[in-house]
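Please find one structure pasted underneath; my questions will follow.
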Number of protein chains: 2
Amino acid sequence: MAQHKKEAFGPKEQNLATFAKAISHPARIAILSQLAKRNECICGELVDVLPLAQSTVSQHLKELKTAGLIDGTIDGPRSCYCINWKAFEKFYNDFSSLFTKLKEANAKCC
Amino acid sequence: MAQHKKEAFGPKEQNLATFAKAISHPARIAILSQLAKRNECICGELVDVLPLAQSTVSQHLKELKTAGLIDGTIDGPRSCYCINWKAFEKFYNDFSSLFTKLKEANAKCC
DNA sequence: TTGCTTAATCGTTTTTATACGATGAATATA
DNA sequence: TATATTCATCGTATAAAAACGATTAAGCAA
């Protein structure tokens, strides 16, 4: 009895939740920060910076890519990643509207 | 070999990740939306609205409360919840700065 | 071709999350 | 007092996440 019921919710909530999950691990936030800091495509330098094994970093990169937050291209034997800004902006806007909506509920209760 | 290494990252990344995880499930986003919509404290009406069992809803509420996003008070045999706007604003600001930082990395690569 | 580098994937283990029914504690109400 | 209501907690089961070593595949260099 643990089949997930995420499909039982609306697409808006599902999308936001999926995005939130993508950035719900410090390693993935660190990856995004690195990609932003270097302002360029990065491949395995992330492994040197992060306190994680190569396979684990690759796994996190895959999740970010699946979520659409980063793009990856093959550059010879390496992989080059960068932020997918378009997707990011979409999610940021969705988040902003959620927060705005919640802000309107700033009532005195409890 | 699966001990989590979240402590190996900075507090900023950890905080953001914790918040993101709190809203990484559609049920919890739905709960927050309901709390916002009703603009008042809500107890078990959530169970009627959500496609989940009572114990499951209670569990999600607990997680939101642990993350500090909602407050709960006991009202007789019921429990009354509302959004903790202060905590929410803090996290929203943290998120905004992350997004702003990433936006500056909007370079042409890949 | 052979060997090296790079990174994705596989297989496995441990931990955490999700979900539910059942139980229990507390407050109302009859 | 007895009973019903409300909700948190417990116990449990299953699924997913997190992490690593080992292997594999692909490109490059000698």
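So you know, we letter chains A, B, ... as the sequences are listed, proteins then strands, and number each from 1.
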Selected nucleotide, minimal atom distance to B:Leu52 side chain, candidates C:dT6, D:dA18, C:dA19: C:dA19
Rounded distance (Å) that lies between atom C1' of C:dT18 and atom NE2 of A:His4: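 Rounded to whole Å, this separation is 4 Å.
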Output yes when at least one side-chain N/O atom of B:Lys62 is less than 4.0 Å from OP1 or OP2 of D:dC7, else no.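 It does not, given that no N or O in the side chain of B:Lys62 lies less than 4.0 Å from OP1 or OP2 of D:dC7.
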What is the distance, rounded to the nearest whole Å, between atom CG of B:Asp75 and atom P of C:dT27?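 The answer, rounded to whole Å, is 12 Å.
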Please list all pairs passing the salt bridge (Lys or Arg N to Asp or Glu O under 4.0 Å) test where one or both residues lie in residues 82-93 of chain A, with sequence neighbours left out.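 Every pair satisfying salt bridge (Lys or Arg N to Asp or Glu O under 4.0 Å) with a residue in residues 82-93 of chain A: A:Lys90-A:Asp94.
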Side chain of B:Ala53 - closest among D:dG21, C:dC20, C:dA28: C:dC20
Side-chain N or O of B:Tyr81 closer than 4.0 Å to phosphate OP1/OP2 of D:dA8: yes
Residue pairs, two or more places apart or on separate chains, that pass salt bridge (Lys or Arg N to Asp or Glu O under 4.0 Å) and touch residues 5-33 of chain B: B:Arg28-B:Glu63
Quickly work out the B:Ile74 CD1 to D:dA8 P distance and round it to whole Å.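 Answer to the nearest Å: 8 Å.
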Separation of atom CD in B:Gln54 from atom C1' in C:dA22, rounded to whole Å: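 After rounding, the reported distance stands at 11 Å.
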Close side-chain approach of B:Leu32 and A:Leu98, heavy atoms under 4.5 Å: no
Measure from the side-chain N and O atoms of A:Ser79 to the backbone N and O of A:Asp75, and report whether any donor-acceptor pair falls under 3.5 Å. no
Rounded to whole angstroms, how far apart are CD on B:Glu45 and P on D:dC7?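 Checked: the CD to P distance equals 8 Å.
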Nearest-Å distance for atom pair CG/C1', residues A:Leu64 and D:dA17: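 Distance check: A:Leu64 CG to D:dA17 C1' gives 14 Å.
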Could you name each residue pair satisfying salt bridge (Lys or Arg N to Asp or Glu O under 4.0 Å) that touches residues 47-61 of chain B, not counting sequence neighbours?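 Found none.
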Sequence neighbours excluded, the answer for side-chain contact (heavy atoms from CB on, under 4.5 Å) partners of B:Pro51 is A:Ala8, A:Phe9
Under 4.0 Å between a side-chain N/O of B:His60 and OP1 or OP2 of C:dA19, yes or no? yes
Under 4.0 angstrom, heavy atoms only, what part of the nucleic acid is B:Glu63 near: base, sugar-phosphate, or nothing?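 Sugar-phosphate contact only - B:Glu63 comes under 4.0 Å of backbone atoms but never of a base.
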Any residue meeting ring pair (Phe, Tyr, Trp, His ring centres under 6.0 Å) with B:Phe95, in chain and number order, not counting sequence neighbours: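 Partners of B:Phe95 by the ring pair (Phe, Tyr, Trp, His ring centres under 6.0 Å) criterion, ordered by chain and then number, come out as A:Phe95, B:Phe19, B:Phe99.
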Could you state the atom-to-atom distance from CG of B:Leu46 to P of D:dC7 in whole Å? 9 Å
A:Ser58, nearest nucleotide to its side chain (from C:dT9, C:dA19, D:dC20): C:dT9
Residues touching DNA chain C, which here means a heavy atom under 4.0 Å, drawn from residues 6-28 of chain B: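 Per residue number, the list reads B:Lys21, B:His25, B:Arg28.
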Determine: side-chain N/O of B:Ser79 to OP1/OP2 of D:dA8, distance under 4.0 Å, yes or no.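 For D:dA8, OP1 or OP2 has a side-chain N or O of B:Ser79 closer than 4.0 Å.
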Quickly work out the A:Lys5 NZ to C:dC20 C1' distance and round it to whole Å. 9 Å
Toward the 5' end of DNA chain D, by each residue's nearest nucleotide, A:Ser55 or A:Gly76: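 The residue closer to the strand's 5' end, by nearest nucleotide, is A:Ser55.
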